[in-house]
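Remember, predicted model here, so these are calculated numbers, not experimental data. Just so it is clear: chains get the letters A, B, ... in the order the sequence lines come, proteins before strands, and each one is counted from 1.
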2 protein chains.
Amino acid sequence: MIDQNIKIAVDAIVFGYEKGTLYVLAVQQRFGKLADRWVLPGGFILDDEPLLIAVERELKEEAGITVNYLEQLATFGDDVHRDERFRVISVAYFALVNPKNFVLKADTDAKDAKWFPVTKIPQLGYDHNAMVNLAHQRLKSKLTYQPIGFDLLDEEFLFSDLENLYCSILERDIDRRNFRKKILSFGIVTETDKVVKMGASGRPGKLFTFDKTKYNQLLKENFQFDIRFA
Amino acid sequence: MIDQNIKIAVDAIVFGYEKGTLYVLAVQQRFGKLADRWVLPGGFILDDEPLLIAVERELKEEAGITVNYLEQLATFGDDVHRDERFRVISVAYFALVNPKNFVLKADTDAKDAKWFPVTKIPQLGYDHNAMVNLAHQRLKSKLTYQPIGFDLLDEEFLFSDLENLYCSILERDIDRRNFRKKILSFGIVTETDKVVKMGASGRPGKLFTFDKTKYNQLLKENFQFDIRFA
DNA sequence: TTAATTTGTGTTAAAACAACACAAAGTTAA
DNA sequence: TTAACTTTGTGTTGTTTTAACACAAATTAA
């Protein structure tokens with residue numbers, strides 16, 4: 001049996017969105033050389049543990065959350081000294097969650113868990129800033145060809161919420177009318193009969209929901225979600 | 001230091017294209033339980049070896065080739081028993097090469113190396129068929145939004161070569177005129193003054209080249225290569 | 001009751017796409 | 001040497017999609 005002395009970890013870049021701001025979850029390390037440093041939630045996997053399960057476990061342990069969307073992002077293993085203690089290869093995961101659904105609570109290894117606005121991320125341990133950058137790019141591009149924005153919103157949302165989410169994450173203006181037309185044309189967003197008054201003033205708006213079942217149906221018929229425009 | 005007993009390998013899905021057929025490179029194992037079985041080129045990484053270097057080394061050792069394009073595809077580590085001997089997590093890489101540039105020669109660990117048409121891939125060892133499927137999908141989708149087709153062709157090619165490559169890999173008809181118009185409109189393919197007679201009969205055609213420098217320039221100006229259409 | 005805010009809706013000009021056919025340059029076979 | 005065949009090369013047009021744009025309706029705050 002070959003001799004190899006490398007450890008494997010998983011890390012997660014968890015995005016949350018609230019009122020026009022995109023956040024990334026970080027945890028503060030309790031032990032070790034990097035104690036007190038902010039890092040991405042993650043850790044070593046167990047010998048008999050699938051990668052995906054490991055990420056979910058770490059997110060639960062370190063921040064007390066369960067995400068809405070989770071996919072593998074990339075594996076970081078070219079820099080042999082990305083962890084200065086010994087060689088660690090890390091499989092990074094990309095995740096989305098609605099921050100309202102959870103109260104962050106650091107548990108086992110983490111001293112604290114906190115949402116950082118994506119524009120104000122401190123220097124993180126290891127190569128975690130690079131991971132965040134890659135994940136941020138992925139979020140931006142994926143938003144245009146997969147309906148993942150809904151995983152960042154409440155079950156029921158105003159059309160303006162969806163629109164603002166797109167505007168702020170893609171960092172550009174979007175024509176409100178064209179956006180609504182396009183999204184509605186897909187038939188995957190349905191209008192509820194609930195009407196809600198915005199916090200402040202203005203005409204009340206209808207609440208909408210994402211119809212995942214309909215979306216999965218359409219996928220089989222070769223439907224392609226796509227909104228890169230105006 | 002944590003105790004973990006997992007090995008890390010890399011594997012490569014190398015695509016080659018020739019005369020309307022897409023091929024995948026496989027090697028025949030010389031030793032071990034899977035002796036004589038066809039598998040993807042790959043192997044365990046060294047303790048101080050970056051992942052990318054490991055893939056390049058294995059491709060050189062097992063098949064004697066250097067690829068034109070190489071990128072990380074995905075990491076396979078959810079099935080804890082994908083290797084029945086002990087737990088191995090494999091980082092799969094996606095690669096493109098022009099088969100004409102090399103004569104395959106198995107070297108160190110491999111008994112033989114061979115191109116299989118992507119439609120006639122035998123049962124491979126481990127979960128390598130799943131890797132090939134994922135890579136094949138990636139190739140298809142990437143072909144439409146990144147100019148990677150050129151890495152499968154000769155330096156100089158006929159327009160019909162490019163068109164046939166797209167047709168056969170995407171498995172659909174493409175209008176010859178619209179295709180040419182679109183590609184030429186990007187300005188990244190330049191006409192040489194060489195004219196070549198096709199093997200058999202027919203009017204001789206001009207040779208074209210992919211202008212990578214121009215493409216990189218355009219990228220800075222927010223150019224987006226894209227051909228999903230007729 | 002007036003001003004301010006937010007939702008909701010339709011038209012039009014411009015651009016991109018899809019569909020389509022024939023002439024030119026060469027080879028092969030009669 | 002001519003006719004048949006093969007492959008390259010090129011433009012136009014109708015249809016669809018996209019981009020740009022403004023005003024009325026419902027509510028709150030002053």
Completion exercise
Picking from C:dT7, D:dC21, D:dG9, the nucleotide nearest the side-chain atoms of A:Asp175 would be D:dC21
Which residues pass the side chain to side chain donor-acceptor pair (under 3.5 Å) test with [X], not counting sequence neighbours?
| X | result |
| --- | --- |
| B:Lys212 | none |
| A:Asn98 | A:Asp154 |
| A:Glu155 | none |
| B:Thr144 | none |

Practice task
Evaluate the criterion side-chain contact (heavy atoms from CB on, under 4.5 Å) for residue pair A:Leu25 and A:Trp115; output intermediate values, then yes/no.
Solution key: CA-CA 5 Å; A:Leu25 180 66; A:Trp115 289 109; 3.7 Å; yes
Problem - Set of side chain to side chain contact (heavy atoms under 4.5 Å, CB included) partners for A:Arg176, sequence neighbours left out - result: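 For A:Arg176 the side chain to side chain contact (heavy atoms under 4.5 Å, CB included) partners, ignoring immediate neighbours, are A:Glu163.
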Can you measure [X] atom [atom1] to [N] atom [atom2] for me and round it to whole angstrom units?
| X | N | atom1 | atom2 | result |
| --- | --- | --- | --- | --- |
| A:Leu158 | C:dT7 | CG | C1' | 9 Å |
| B:Leu162 | D:dT8 | CG | C1' | 15 Å |
| B:Ile174 | C:dC17 | CD1 | P | 14 Å |
| A:Phe159 | C:dT9 | CZ | C1' | 13 Å |
| A:Asp173 | D:dC21 | CG | P | 12 Å |
| B:Lys182 | D:dT10 | NZ | C1' | 19 Å |

Exercise for the section: Keeping to residues at least two apart or across chains, list the side chain to side chain donor-acceptor pair (under 3.5 Å) pairs with something in residues 16-25 of chain B. Expected result: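 Every pair satisfying side chain to side chain donor-acceptor pair (under 3.5 Å) with a residue in residues 16-25 of chain B: there are none.
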Problem - Phosphate OP1/OP2 of D:dG11 contacted by B:Lys181 side-chain N/O (<4.0 Å) - result: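 Answer no for this pair, as no side-chain N or O of B:Lys181 is under 4.0 Å from OP1 or OP2.
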Solution key, residues 218-225 of chain B side-chain donor-acceptor pairs under 3.5 Å, sequence neighbours excluded:
none

Practice task
Indicate for each nucleotide in nucleotides 22-27 of chain D, in 5' to 3' sequence, whether protein heavy atoms under 4.0 Å reach the base (B), only the sugar-phosphate (S), or nothing (-).
Solution key: B--BBB
Exercise for the section: With axes from five pairs an end, tell me the bend angle of the helix from C:dT1-D:dA30 to C:dA30-D:dT1, nearest 10°. Expected result: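 The angle separating the two end axes equals 0°.
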